[in-house]
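Note that the coordinates shown come from a computational prediction; the quantities given were computed from them, not determined experimentally.
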Amino acid sequence: MLIELKHIEKDYGQGEQKVPVLHDINFCMEQGEYIAIMGPSGSGKSTLMNIIGYLDMPTRGAYLFDGEDNSRAGDARMALVRNERIGFVFQSFHLLSQRRAWENVALPLMYGGVPKRERRKRAEEALSLVGLEDRMNFYPYQLSGGQCQRVAISRAIATRPRLLLADEPTGALDSKSGQQIMDIFDELHHSGMSIIMITHERAVAERAKRILYIYDGKLSGGENE
């Protein structure tokens with residue numbers, strides 16, 4: 001089992017100002033699964049994504065990743081797990097405008113202590129996987145939105161993570177570019193990548209093999225497709 005969430009709850013604030021956001025969240029994910037989590041704005045899906053991605057800690061409950069419980073980990077441990085085991089793709093590409101495509105992809109490898117030559121090699125391999133072998137030396141302002149998102153996907157997979165976590169990855173793209181991005185996620189899944197996709201779009205969610213739904217901080221499971 002790759003992921004196990006057991007009775008996860010999240011509150012913001014304290015005392016009379018306490019606001020419950022997640023309520024008794026439970027689900028498991030096996031290695032190689034492709035899961036979509038659907039929910040409207042304010043449903044708690046971003047908070048859940050932050051906990052799964054070690055960007056935040058639950059108030060109560062246990063979160064096991066590869067059998068290891070880091071539910072009460074400190075900032076240093078959270079950062080290490082994020083860098084070594086999880087790749088992130090966001091709606092906003094978060095690319096550095098003054099760095100070329102391959103340099104953006106190589107950044108998390110640099111933070112992870114990967115030697116320079118190996119960083120360049122892995123960045124080029126990741127960009128080739130998403131069809132950008134001819135755009136490696138382009139800057140973000142020279143790329144389309146869809147190409148920028150492909151650079152962001154390359155950056156996420158260059159670290160060879162155990163889990164790819166995508167938050168509304170097509171939200172800033174036109175329909176054609178969005179389709180191309182979803183095709184890439186399909187290919188990554190078929191290669192064995194574990195993927196969790198956070199979305200409010202039905203057509204995007206239906207590309208996954210299992211859909212979960214979150215409303216008012218409560219999660220319900222869908223059937224395997």
Side-chain angles (χ1 to χ4, degrees), residues 2-3 29-37 49-50 52-55 65-66 78-96 99-140 143-173 177-199 204-205 207-210:
L2 180 64
I3 285 177
M29 177 183 188
E30 295 183 2
Q31 179 65 42
E33 273 200 272
Y34 185 179
I35 294 174
I37 300 177
M49 186 210 74
N50 288 342
I52 293 172
Y54 286 96
L55 295 167
F65 194 106
D66 271 339
M78 288 171 64
L80 182 65
V81 173
R82 285 196 304 268
N83 188 264
E84 291 185 346
R85 303 187 192 180
I86 303 174
F88 294 89
V89 180
F90 298 100
Q91 178 175 334
S92 299
F93 318 125
H94 297 303
L95 302 180
L96 298 182
R99 289 184 181 267
R100 290 169 290 182
W102 78 264
E103 292 172 320
N104 270 283
V105 174
L107 272 177
L109 301 174
M110 181 180 70
Y111 298 145
V114 177
K116 185 175 181 179
R117 182 174 295 181
E118 178 67 11
R119 293 200 302 267
R120 177 69 182 259
K121 177 175 177 289
R122 285 167 62 172
E124 291 179 350
E125 288 174 351
L127 286 165
S128 294
L129 282 174
V130 300
L132 289 180
E133 57 272 9
D134 59 344
R135 297 289 189 273
M136 292 185 185
N137 290 307
F138 282 47
Y139 292 91
L143 302 171
S144 68
Q147 289 171 335
C148 283
Q149 190 62 293
R150 282 191 269 168
V151 174
I153 293 171
S154 299
R155 180 181 57 196
I157 63 176
T159 59
R160 299 169 183 167
R162 297 276 285 150
L163 172 68
L164 185 60
L165 188 56
D167 185 14
E168 303 284 5
T170 63
L173 304 176
S177 296
Q179 178 75 27
Q180 291 170 344
I181 293 302
M182 294 311 301
D183 288 345
I184 290 172
F185 279 106
D186 287 346
E187 291 171 7
L188 291 171
H189 167 60
H190 291 149
S191 73
M193 178 72 70
S194 303
I195 302 171
I196 294 180
M197 181 88 61
I198 309 295
T199 185
V204 171
R207 300 292 285 266
K209 300 304 179 185
R210 181 156 62 111

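Taking the side chain as every heavy atom from C-beta outward, Arg207 and Met197 never approach each other to under 4.5 Å. The side-chain heavy atoms of Glu133 and Leu127, taken from C-beta on, include no pair separated by under 4.5 Å. Looking only at side-chain heavy atoms (C-beta outward), Phe65 and Ile86 come within less than 4.5 Å of each other. In this structure, the side chains of Met49 and Phe90 come closer than 4.5 Å at one or more pairs of heavy atoms. In this structure, the side chains of Ile37 and Thr199 stay at 4.5 Å or more apart for every pair of heavy atoms. The shortest distance between side-chain heavy atoms of Tyr34 and Asp186 falls below 4.5 Å.
Checking side-chain atoms of Thr170 against main-chain N and O of Leu173 turns up no donor-acceptor pair under 3.5 Å. A side-chain donor-acceptor contact under 3.5 Å links Gln147 to the backbone of Ser144. Formation of a donor-acceptor pair under 3.5 Å by the Ser154 side chain with backbone atoms of Ala126 is found in this model. Although no hydrogens or angles enter the test, the distance criterion places a donor-acceptor pair under 3.5 Å between the side chain of Arg119 and the main chain of Val114. With hydrogens and angles disregarded, a donor-acceptor distance shorter than 3.5 Å links the side chain of Asn104 to the backbone of Arg99.
Note that the CD atom of Gln180 and the CZ atom of Phe185 stand 13.5 Å from one another [nearest 0.5 Å]. Here the OG-CD distance, from Ser92 to Gln149, works out to 9.0 Å after rounding to the nearest 0.5 Å.
No salt bridge links Arg210 with Glu30; every basic N to acidic carboxylate O contact stays at or beyond 4.0 Å.
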